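Reading through the structure tokens given below for one structure.
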Protein chains: 2
Amino acid sequence: MDIGVRKPGVTSSQVAEHAGVSQSAVSRAFTPGASISPKTRQKVLASAKTLGYRPNAIARSLITNRSRIIAVVMAYLENLFYPDVLEELGRALAAENYHLLLFTGFMDRDSDPVFDQLMQYRVDGIILASTSLSSELSEECATAGIPVVLFNRTTERDAVSSVTTRNREGGKRIADFLVAGGHTSFGYIAGLENSSTNRDRFQGYAEGLAGHGITEIIVETGNYSRSEAQDAARRMFSLTKRPEALFVANDHMAVAVMDVARYEFGLRIPEDISIVGYDDVGPSTWSSYGITSMSQPVKRMVEATVDILMDQIASGEIEAEHRILNGDLVVRSSARLPQSGIVARDGQQIYRPREG
Amino acid sequence: MDIGVRKPGVTSSQVAEHAGVSQSAVSRAFTPGASISPKTRQKVLASAKTLGYRPNAIARSLITNRSRIIAVVMAYLENLFYPDVLEELGRALAAENYHLLLFTGFMDRDSDPVFDQLMQYRVDGIILASTSLSSELSEECATAGIPVVLFNRTTERDAVSSVTTRNREGGKRIADFLVAGGHTSFGYIAGLENSSTNRDRFQGYAEGLAGHGITEIIVETGNYSRSEAQDAARRMFSLTKRPEALFVANDHMAVAVMDVARYEFGLRIPEDISIVGYDDVGPSTWSSYGITSMSQPVKRMVEATVDILMDQIASGEIEAEHRILNGDLVVRSSARLPQSGIVARDGQQIYRPREG
DNA sequence: CTGAAAGCGCTTACAG
DNA sequence: CTGAAAGCGCTTACAG
């Protein structure tokens, strides 16, 4: 049933005429803090309501040079961590009266088209989560004067801000935990090789193990992908000398690895192999998995991200800021427990050796 | 390190001056099909490149009355089905050179603020996925002349299009499958009571069972929420006469229900209880679950959605269109198998009784 | 507090 | 094929 064609849309001039005031007055009625008498304001709002008027944000953007749009680039959403982040971002940006222009589903490395679109819409800020687009895009954007925040990645480049957790310390804590659990051989299933998270987590893990005199780590790469992680696990579990303890670079992969261990190799967890993940997200908390995992505080990470963006938009100055938050090693059932160091907090078990 | 403040941005006039042509010529150089000589075009593009010019999409929108922005309202992303949809939408819209303005993280029923934002940005179309915002918003938008498509929901209202799968037939097929599997008592864990998917799936299930002379169905409600589904499962499994066969209204809940069955009630699946879900998404395919589930073809649903939108935008006429796609009952290990009717297709086991 | 006017950066008839 | 000009719907000095 044909209900109608695109209406031209009510304009401020039409409201002005209806209310018997100037077009400027209409504009002022919709601008918080503008100098306008309560009486005029009422008249305008009444007319606006009658006519179904809503200010045209596009026209406003053109003149204010502020779109109130933040671009979010999130290459893939397969890892539940990211939908989680997206939902929080939606909330946080809406609270600041900003809008979220999402770029997702781009698997290819070619960042140029996305970048072009971003710039054409004159977004007020950019959040780059996951993906390696980050590196090339970021500098260009910053140079153009648009604040850029890397989410869950970091970089050395000037003018690109970042929000991360202490990945190196997280890796180290996992090493300590696994050593304290009495394991003697160690493996690592890596994420994307060129990502800072993977690099830092592995570095911390290796340092931690080295601190206990362990220098041999069996490494396979899963590239933060479910299917590649499964393949990596198959290779690792087929070794004659399979590691007793395995750190998987994120929970998204850890879940896949656990399934391979149990259903393809008949391994019992944690009796035959201990597995620790990273993110403390989604399925890792489910009964079927119960993964011991370093947590990343999504909500606080999102707050920090939006905070940086708002600051830089308000000040007009782009000064790279790096916020690094703390996580905890949440202890569940996927890895053998150490004798001591596990404390209860907020209804969870946390590994925190030698601390009050 | 302070790299710079917000740059004013290069304009077409600046490019025109640099290239020694009119501002109109610059505009034409960036408008496919515009009448401009190759020579002029080259000159303009060269200058544009030198100056780092990109057309301002905001200004363009103002004059064309087309924002090339599609609003996507997705209240929550906890159910992996929706991130999946979002990723496909990102791809499909980008291919049409449209952009995706995402509204998510609004749990409250209050749809007005979202609606207001949509309208202010003069979006060219609206996709409403999940959530009950749908009902109130939709009519208003359509009246304003903006195409609206409900994704995975449907409605009787004029001028609101929808894309769904045959939910009633899906429910019926599940009933047939479970009866053929030799079960004698039946349960249902419901989704959101007022959603068309829940209503249609249950109706088909009830009709299917009735066709076999079964009129008693034990029902609990999980509202498409993980935690509520767990509670529903706990209530149902505590009954003295627990159903042998259980249809859970979507996989997101089914996974939670399986965990409760196994780890809280010690039930074996499918020996003690058969579970069938809906969506065929995410964890349902993992080894730990292997859920028998009615599939919804996300990719084709997204294509249909974008197709409807593009048609209505191009024609300027809003005529409600309802696309209903087919799914299949993908057979895995969470439910007892019938003697016959299971066929292989595309590497999957499908339940398709009495068919070539 | 108010209105007339300039102008944001484009597209698109119009006339040549 | 090209340029001058009007105009999209707003905000914001400016003068009163």
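Just so it is clear: chains get the letters A, B, ... in the order the sequence lines come, proteins before strands, and each one is counted from 1. In this text the structure is predicted, and so the values were computed from the model without any measurement.
Side-chain atoms of A/S37 lie closest to C/dT2 of the nucleotides C/dG3, D/dG9, C/dT2. Taking every side-chain heavy atom of B/R28 into account, C/dA13 is the closest of D/dC1, D/dC10, C/dA13. The side chain of A/A25 lies closest to C/dG3, out of C/dG3, D/dT11, D/dG3. Nearest nucleotide to the B/T40 side chain, out of C/dT2, D/dC10, D/dT2: D/dT2.
For B/N65 and C/dA13, the CG to P distance is 14 Å, given to the nearest whole Å. A/Q23 places its CD atom 12 Å from the C1' atom of D/dC8, with the value rounded to the nearest Å. Atom CZ in A/R66 sits roughly 12 Å away from atom P in D/dT12 (whole-Å rounding). The CD1 atom of A/I58 sits 18 Å away from the P atom of C/dC8 (whole-angstrom rounding). Taking atom CD of residue A/Q14 and atom C1' of nucleotide D/dC8, one finds them 13 Å apart after rounding to whole Å. Distance CZ (B/R122) to C1' (D/dC8): 12 Å, rounded to an integer number of Å. Rounded to an integer number of Å, the gap from CD1 of B/I36 to P of D/dG3 is 9 Å. One can place CZ of B/F30 at 14 Å from C1' of C/dG9, the figure rounded to the nearest angstrom.
Side-chain N/O atoms of B/T11 include none lying less than 4.0 angstrom from OP1 or OP2 on C/dG9. A close approach under 4.0 Å does occur between a side-chain nitrogen or oxygen of B/S12 and OP1 or OP2 of C/dC10. Listed pair A/Y53 / D/dC10 meets the phosphate criterion, a side-chain N or O lying under 4.0 Å from OP1 or OP2.
Side chains of B/I127 and B/L89 form a contact here, defined as non-hydrogen atoms less than 4.5 Å apart. Put simply, the side chain of A/L128 does not reach to within 4.5 Å of the side chain of A/R153, judged on heavy atoms.
Across all strands shown, the partner of C/dA15 is D/dT2, judged by Watson-Crick or G-U wobble contacts whose two distances both fall under 3.5 Å.
With 3.5 Å as the limit, one finds a donor-acceptor pair spanning the side chains of A/Q296 and A/N152.
Heavy-atom distances to DNA chain D give each of B/L62 and B/V21 a nearest nucleotide, and the one nearer the 5′ end belongs to B/V21. Each of B/S24 and A/A59 has a nearest nucleotide on DNA chain C; the 5'-most of these lies closest to A/A59. Residue whose closest nucleotide on DNA chain C sits further toward the 5' end, between A/I63 and A/P38: A/P38.
For B/R54 and A/D116, the salt-bridge test passes: some basic side-chain N is under 4.0 Å from an acidic carboxylate O. Between A/E88 and A/R91, at least one side-chain N (NZ, or NE/NH1/NH2) sits under 4.0 Å from a carboxylate O, which counts as a salt bridge.
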